[in-house]
Every structure is written in structure tokens, then in C-alpha cells.
Amino acid sequence: MPETIKNKITAGLNESQIRAVTFGDGPLLVVAGAGSGKTRVITHRVAYMVQRGVPPGRILGITFTNKAASEMARRVDEMVGAGVTIKTFHAFCAMLLRRRIHHLGYDPSFTIYDRSDSLRVVRRLCKALNLDPQYYKPGDLLDTISSYKDRLESPQEAAGKAASDWDEQAARIYAAYEEKLAENNALDFDDLLLKTVQLFREYPDVLARSQDYCRHLMVDEYQDTNLAQHVIARALQGKHRNITAVGDPDQMIYTWRGARMANIMEFEKEFPGASVISLERNYRSTANILRAASHAINFNELRYEKNLYTKAGEGRPVVVAGHYGAPEEASWVAEKIRELTDKNGAGPSVGVLYRTKYQSGEFERVFAKEDIPYQVVDTTGFFDRKAIKDIAAYLHLIVNPRDEIALRRIINVPTRGIGAVTLDRIGHAANQADIPLLDAVMDTKITGKLSSRAAGALAGFAALYSELSEYSRNAENVRDVVEAVIERTGYLASISGDEKEETEELLAYFKGFAEQHQNQNPDAGLTGFMEQSVLASDVDGWRPDTDSVSLLTLHSAKGLEFDVVFLTGVENYILPHLRAVEERDPGGDGGEGLEEERRLFHVGMTRARKLLFLTYASERMIKGRFEPTGPSRFLTELPHEGVFWEGLVDSGSRRFGGRVKKRKMRPDSGKTGGKRARVKKTPKSSHIAPGDIEPGGKIEHPQYGEGTVISVNNIGKKKQVKVDFDSYEEPLTILQ
DNA sequence: GATAATCGTATTTTT
DNA sequence: TACGATTATC
């Protein structure tokens, strides 16, 4: 290739980035640390391939979220023009299945069920099998089913492995669930992957065609792939053996959704002859932030050794700040944000990160009071709203008349006098005749046997359905169909009171979305639109902005960056989250669960460009009770250099650095937990009594008593002092 | 069939 | 504490 083109593609890249971008054929793993410019590497690598003569249509890029897919598509289009396929695993599989799933006995108009649809199926099955929903919780059963499917395990295998009654019932529900979905001509999210694997395994010609198109496969966020996705990736590259997997084991935070560390850790074994390139230069954070984050993640055993470095300056120290409770923590954060924005009119982008969603409440309260603009990154998508799901159910039913879940959802919405009893009878009749529920509803021979009132109501619905379905067949575009459904069902008229306005807005938005989709995908039709609606949950496309503070969980912060990050609630029980640790290492010191929590901590820290604040409180309201929490063990894993401790440490710190003690149970408390002692309010001063402070010297602290100074660090006007107090196992670092 | 009362539960959430 | 989901009641 001519040097000039090569130069254009590699301009501004560092050496390992260039190696990754210009790597030739064969399997390649790019281990891309946080902030190492991996999106750049991927887009430039695609451009490089195109320059080398690979037709864009033969390059397939896979990402994890729609947001990532559209962002990457945009950047690739900019560099090489359109033509490269960039999709999520699920969208890619859906596309393939629409064309090929007839082999497996499904109709190409299949519905994709989201979690709430699946949950309805499971609930119905539990009821049918008379399972106690208190013990056999539908949500838990569904999670279990889903993880079987992630691992490509059939109901039979699940039954074989069952080690308890609960497992056996779960396997039974799994089998029934699969049957029900097939009956409904529906696939859940896992099926999109699973059926693709099945298709590849059973129909070599289908696989061969896909392989032919896949001269180069690029998979981003490989650390978060589950087994099914890994198998698909392996199958796709089977012919040309060109796979570029990009990921960072230190950012694997989705084990609970089936992510499998082995996929990336054993990449070289899975793809023989693979090369590995590490991107270690960080372009995002200051040296202090990067040092703190690297130091912390180094406590993990299960990782690729990486040595992140930056050429950025030291920056300001990472600040660790303790508070009495969550309200104080929130006020402190608000105060800091005020300081940051007061100084230089245009404020930095600020992210407030927390482990659990409920922690957002305290910040919202304080920010509202203090007039700090904020936005909570809310993951409850637009398509989860009831009104949208209702209208969508009509649309699903039009596309796929066998979709019983959709039918049951809307047959009496708006209310039209079709109650549970009527539905039950129709259901039985449909079962007897072995026909889809909708066919029974539409069959006057069947409905005629019911009371005339019920028969009339059903006839009304049947007429409505025929009308809508007829309309849809002849309609020019999707927006019109959506509008027709809203109008002719009289949906809005049935909503009363204060919800009306909101519903109106939602539905208007839905129409707008349909119109937009129509313009962008003129040929996709109603089926394509419905698929998009289910798969794209982040339609409203949130992005960080500098006009307001972003409040978000650590999980949703992945892939984002902010000038200033407040990583809050870095506490025992919260940041290594108690359940995450106990669930996966009962009675132990943490194990894999702890390592994943530590990765989460690391992900949070590495979101920061310039300033990083880590905050904790001594107690926190959990499940309606005040629980003593105190500084997280992760805080003891920070380096001494470049970390500034502020406003420390009260009685919660007794566990500082130590393992989490089992709390005493009251003898009479039947359930888990028991009553916990309330933390006494302690004075918040952490200053050491005056006197000479130097290494080796003895000091007396008003709260911690006597101790020996280990080291002194001058930071600005203050001193950071590490002290070995007689009453604590681990040395504490305090600020003077 | 709609509303009120009660119950149970609270980690993370994309596709 | 606070919310959603299920159940009880009219």
C-alpha cells in the first residue's frame, strides 16, 4: 500500500495503536485499557482494511449497545463512507434470522419478547403448574432460564443438572417456556443468539454464507460476551479466520448477565495462533487518577497484566472524603460542584457515580434545593412505559397473529368487557382445537358458545383487529399504522385524569419515532419497526453534557468520561456490595465476586479526566434502617502518593482494612440480619492534637487515641499523615 | 372491573 | 423508607 494512505490512517496514533490498526490477517486480541483510544483503533482498523481492498460490505463490526453501534457507524462512515455493517450481536442475529429461521420452523414475522413479555409467560406457566410464586419467583426462574440459554444449555440439560426441587421446577418451566414461545412464534433476547447458533450448527450452508460475507469480524467489549456470543464469533470467523476482538478484562462487570471472563482470558487458546496487542497509553486521565486506579485494580488476581501510563501531568490529587451520613455526603458533593462551577463560568462535565440506584435520591434532593441542574441517567426506557407497550402490543399482534402475550395484554385494553372468565374459556377452546388464541377469538363458532354479552364483546374486538390488520396491509408507512391503532382503539379516550396529558405526549413521541424510522428505513416495514423498538432501548440517546451534572450507576457509566467524577458511597456493604460478595463466595473473603466489585470501582475511577473524588459515609439507610457502613476496603488499596484524605474517619472505620465482620444476631430474630447497632454520632474533627509530627513520633488523636507516625506528606498547606494507631489493625491516613 | 389495602422486597441492566 | 405487585373488597 502506498505510504501516503498508510500515513493518513496512522496519523496521530501511538506505536501500539498503529500495530493494532495495521495488523494483517488472522485472529487478534486488542487489550485496550481504559481511555486508551480503542474506538479510534477500531475505526482506523476498518479504514485500513478498506484501503487494503476489503469490500466494506465484507466487514462486520459487532458492539454491545445500540449507542456504541451507532457511534461507531458514524465514525466509520466518516472515514470510509457507508457500507460496513455495524450492529449489536442481537441486531445482527435478528437480521440473519428474519431470512433463515424458516429452517427451524418459525415464521419470519416472529416477535421479539423483552423481559417483561417473557416474565408474563413465566408467570402464566407458574400459575398453570400451580407453583407457589413466593418460593418459585417468576423473576428468579426467568433469570435462571436465561443463564441456561446464555450457556447454550437445553431444558433437558437443565433437568439433568438439577440438584434441588427448585432447579427441577426451573427446568420444567424452562421446557414449557420454550414450547410456549415457539407456539407464539416468539423469540426472547437469548433466543436471538441461541437460534443463530442452532442454525449455524444444523445448517452448514447457512453458516457458510455468513462466513463468506465475514471476511473481517471485529467485536468490541469482548470481555462482556457470553458463551453464545463467543460461539457465534468463533463460527463467523471460521473460514477467513480474521477476528479482531477488543476488550479489557479489567472492565468485565456483567457476570450476572452471563459475561464470561474466559472468552477473553483464553482467547489465544480459542483462536490458535492469535496475536495480542495491549494498548497501555491512557489519553484520558491525569497521572494521579490513573495511578490510583491502576494501584487498586492490581489487587485482583484474575487479570491480564497491564501497565497503563500517561503523558499527562500529575494533576490534582485524588480526594477521599468521609462523612457521617448520606445527606452530608450529598451536601459535600454539591458544595464541591458549586466551587468548581463558580470559579470559571463554563463548568466542567461532572458525573456523580454510585453503586446502587437508590443512592441517587439523596443527591437529587440536595441538587434540587441548591439549584444545581442535574439529570439522572434513567435506564427505564421509553418502550417500557405502559401506554407504549399497549400500543406496541397491537402492532405486534398485527405483525404476528400468533403472539398470545400481545393479545392477552390488549384484548381488554381499553376496557371492552372481556374479563378473565371469558378469556379463560376462549383459552381452553383454543387449546382443545389446537389453534392460536386469536383464531379462537375470531371464530364465531367458538365465541357463539359463550354468553351473548361475551360473544358480542369478542366480536367487537375481532372487528377492530380485522380493521387494523387490513389497514396495516394497505398502509403506505409505519407512522400511519401507529396513528390508526391509537385512533381506532380509542386508547387516549380511555385514559382519564392526570395521566392523560403524559400519555398524550408519550404517544405523540411514539408517532414521531415511527416517522423517523420510516424516513431512515423506508423498506423496513412494520416488522422492522417493531424489531427496532424492542432492541433499541436507549432511543432517547442520552449523552453527558456540561450544562448539568449526570447522576448514574457505575454500570451505566462504562464507556463514558467526565472532567470531574464523584465516586460516591465507597463503603462496606455498598461498594464491594454485600450481596455481590456473599452470593459468589459465601462465608469467604470475596473471591470472584469481590474482584468484580473491584473492577467496578476501577471502571468508576477511570471515568475521570481531571478530578476524582471518592466519598463515603459512616452509616446509610438500607432497607429502611440505618446501617453502619464506613469506608470500603477498596480505599485501603489506594496508593499513598497523590491521594488526599479529607474529613475522616469515624467509628465506622473499625472495620477499616479488615474483613467484614459478621454481625451479631439477636437470639429472638427469626430472619436474617437482626437488629443492628446504630452508630453513635461522633465529632467529625479528625485533626491531630498540635505537636511535632514526623515519622517515628508519637501522637495523640482525639478520636483514635495514641499512635505512631509512619509517614508525612505535605500537600499544599496541609499534611497527610499516615499513623499506626494502637487501637487499629491497619494504619490510617489522616489529614492535618 | 376498578379501587383500596396489604404484602414483600430492595444490586447492577443491555439486548 | 418506598415502591411495585398482588390480593381483597365493593
Side-chain angles (χ1 to χ4, degrees), chain A residues 62-69 87-94 112-119 123 127 133-135 137-140 143 146 149-150 187-194 221 224-226 228-229 252-259 326 353-359 361-362 377-381 383-384 386 412-422 457 494 496-497 531-539 552-559 569 573-584 593 596-597 599-600 603-604 620-627 671-673:
Chain A
I62 300 279
T63 61
F64 249 79
T65 64
N66 294 299
K67 202 157 127 196
K87 286 181 176 292
T88 64
F89 265 111
H90 294 264
F92 169 76
C93 292
I112 300 171
Y113 279 178
D114 67 12
R115 186 181 159 89
S116 71
D117 300 322
S118 297
L119 210 48
R123 271 202 272 265
K127 215 167 253 175
Q134 303 290 303
Y135 184 60
K137 291 177 196 152
D140 290 354
D143 289 341
S146 175
K149 293 174 110 173
D150 284 344
L187 303 186
D188 64 18
F189 287 131
D190 302 319
D191 282 331
L192 294 173
L193 309 173
L194 200 60
E221 307 276 19
D224 283 327
T225 50
N226 63 28
Q229 290 162 330
M252 204 283 274
I253 56 176
Y254 282 109
T255 301
W256 48 277
R257 246 172 42 197
L353 277 46
Y354 36 78
R355 175 67 235 262
T356 66
K357 267 187 299 191
Y358 75 84
Q359 288 169 253
E362 210 63 66
V377 179
D378 184 7
T379 48
T380 342
F383 288 96
D384 296 332
K386 183 178 174 300
N412 201 33
V413 176
T415 325
R416 50 176 75 90
I418 303 172
V421 180
T422 304
S494 72
S496 61
E531 177 175 312
Q532 179 88 352
S533 321
V534 179
L535 292 183
S537 69
D538 47 12
V539 250
L552 62 169
T553 63
L554 285 169
H555 283 90
S556 38
K558 194 170 77 163
Y573 309 115
I574 304 283
L575 194 32
H577 196 279
L578 181 66
R579 284 190 59 170
V581 174
E582 275 192 349
E583 207 164 82
R584 289 169 62 192
E596 182 146 337
E597 295 293 300
R599 288 193 289 269
L600 218 33
V603 165
R620 189 176 291 274
M621 178 89 90
I622 297 171
K623 293 191 198 178
R625 275 178 196 294
F626 282 99
E627 305 283 1
K671 290 199 187 151
T672 52

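In this text the structure is predicted, and so the values were computed from the model without any measurement. Protein chains get the first letters and strands the later ones, always in sequence-line order, with residue 1 at the start of each.
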Participant: Whole angstroms only, please: what is the OH-C1' distance between A/Y354 and B/dA10?
Facilitator: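 Roughly 16 Å, once rounded to whole Å.
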Participant: Checking all strands, does A/R416 fall into the base, sugar-phosphate, or nothing category for heavy-atom contacts under 4.0 angstrom?
Facilitator: nothing
Participant: Select from A/D190 and A/W256 the residue whose nearest nucleotide in DNA chain B is closer to the 5' end of that strand.
Facilitator: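 This one resolves to A/W256.
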Participant: Choose from B/dT12, C/dT1, B/dT11 the nucleotide whose nearest atom is closest to any side-chain atom of A/M621.
Facilitator: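 Given the options B/dT12, C/dT1, B/dT11, the side chain of A/M621 is closest to C/dT1.
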Participant: Please determine which of A/Q359, A/K558, A/K357 meets the side-chain contact (heavy atoms from CB on, under 4.5 Å) test together with A/T553.
Facilitator: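 The passing option is A/K357.
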Participant: Determine the contact category for A/G417: base if any of its heavy atoms lies under 4.0 Å from a base atom, sugar-phosphate if only primed atoms, P, OP1 or OP2 are that close, otherwise nothing.
Facilitator: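 Touches sugar-phosphate only.
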Participant: How long is the span from the NE2 atom in A/H90 to the OG1 atom in A/T65, to the nearest 0.5 Å?
Facilitator: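 Result: 11.0 Å between the selected atoms.
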Participant: Tell whether A/R257 reaches the base of B/dT14 with its side chain through a donor-acceptor pair below 3.5 angstrom.
Facilitator: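 By the distance-only test, yes, there is a pair.
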Participant: Figure out the CZ/C1' separation between A/R599 and B/dT11, and round it to whole Å.
Facilitator: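 Those two atoms, CZ and C1', are 15 Å apart.
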Participant: Please check the phosphate of B/dT11 (OP1 and OP2 only) for any side-chain N or O of A/T553 closer than 4.0 Å.
Facilitator: no
Participant: Can you measure A/F383 atom CZ to B/dT15 atom P for me and round it to whole angstrom units?
Facilitator: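 Result: 12 Å.
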Participant: Can A/H577 be classed as stacking with the base of B/dT11, given a centroid separation cut-off of 5.5 Å and a plane angle cut-off of 30°?
Facilitator: yes
Participant: Which part of the nucleic acid, if any, lies within reach of A/N412 when heavy atoms closer than 4.0 Å are counted: base, sugar-phosphate only, or nothing?
Facilitator: sugar-phosphate
Participant: Out of B/dT13, B/dA10, B/dT15, which has the shortest distance to the side chain of A/F189?
Facilitator: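 The listed nucleotide nearest to A/F189's side chain is B/dT15.
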Participant: Is A/D188 reaching over with its side chain to a backbone N or O of A/D191, donor-acceptor style, under 3.5 angstrom?
Facilitator: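 Present.
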Participant: Does B/dT15 have its OP1 or OP2 closer than 4.0 Å to a side-chain nitrogen or oxygen of A/N66?
Facilitator: yes
Participant: As a test of reading the structure: which of B/dT15, B/dG1, B/dT12 is closest to the side chain of A/L535, going by heavy atoms?
Facilitator: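 Between B/dT15, B/dG1, B/dT12, the one nearest the side chain of A/L535 would be B/dT15.
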Participant: Run the salt bridge (Lys or Arg N to Asp or Glu O under 4.0 Å) check on A/D190 and A/R115 step by step: do they pass?
Facilitator: CA-CA 10 Å; A/D190 302 319; A/R115 186 181 159 89; over 6 Å; no
Participant: Give A/K137 one of three labels, base, sugar-phosphate or nothing, depending on what nucleic acid heavy atoms sit under 4.0 Å from its own.
Facilitator: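 Here A/K137 touches the backbone only, sparing every base.
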Participant: Roughly how many Å is it from NZ in A/K149 to P in B/dT14, rounded to a whole number?
Facilitator: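 A/K149 atom NZ is separated from B/dT14 atom P by 19 Å.
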Participant: In this structure, how many angstroms lie between the C1' atom of C/dA2 and the OH atom of A/Y358, rounded?
Facilitator: 13 Å
Participant: For A/L353 and B/dT13, what is the distance between atoms CG and P respectively, to the nearest whole Å?
Facilitator: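 Rounding to the nearest Å, CG of A/L353 and P of B/dT13 are 11 Å apart.
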Participant: Whole-Å distance between B/dT13 P and A/K558 NZ?
Facilitator: 12 Å
Participant: Measure from the side-chain heavy atoms of A/R355 and tell me the nearest of B/dG1, B/dT13, B/dT11.
Facilitator: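 Closest of the options to the side chain of A/R355: B/dT11.
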Participant: Please state how far atom OH in A/Y254 lies from atom P in B/dT14, giving the value in whole angstrom units.
Facilitator: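 Taking atom P of B/dT14 as the reference, OH of A/Y254 is at 6 Å.
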Participant: NA contact type, A/I418, heavy-atom cut-off 4.0 Å: base, sugar-phosphate, or nothing?
Facilitator: sugar-phosphate
Participant: Output yes when a side-chain donor or acceptor of A/Y354 lies under 3.5 Å from a complementary backbone atom of A/L552, and no otherwise.
Facilitator: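 A pair under 3.5 Å: yes.
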Participant: On a whole-Å scale, what distance lies between the C1' atoms belonging to C/dT6 and B/dT11?
Facilitator: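 Nearest-Å result for C/dT6 against B/dT11 at atom C1': 24 Å.
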Participant: Using the closest heavy atom to pick a nucleotide of DNA chain B for each, name whichever of A/D114 or A/T415 lands nearer the 5' end.
Facilitator: A/T415
Participant: Do the side chain of A/N226 and the main chain of A/R257 share a donor and acceptor less than 3.5 angstrom apart?
Facilitator: no
Participant: Is A/R123 near enough to C/dT6 that one of its side-chain N or O atoms lies under 4.0 angstrom from OP1 or OP2?
Facilitator: yes
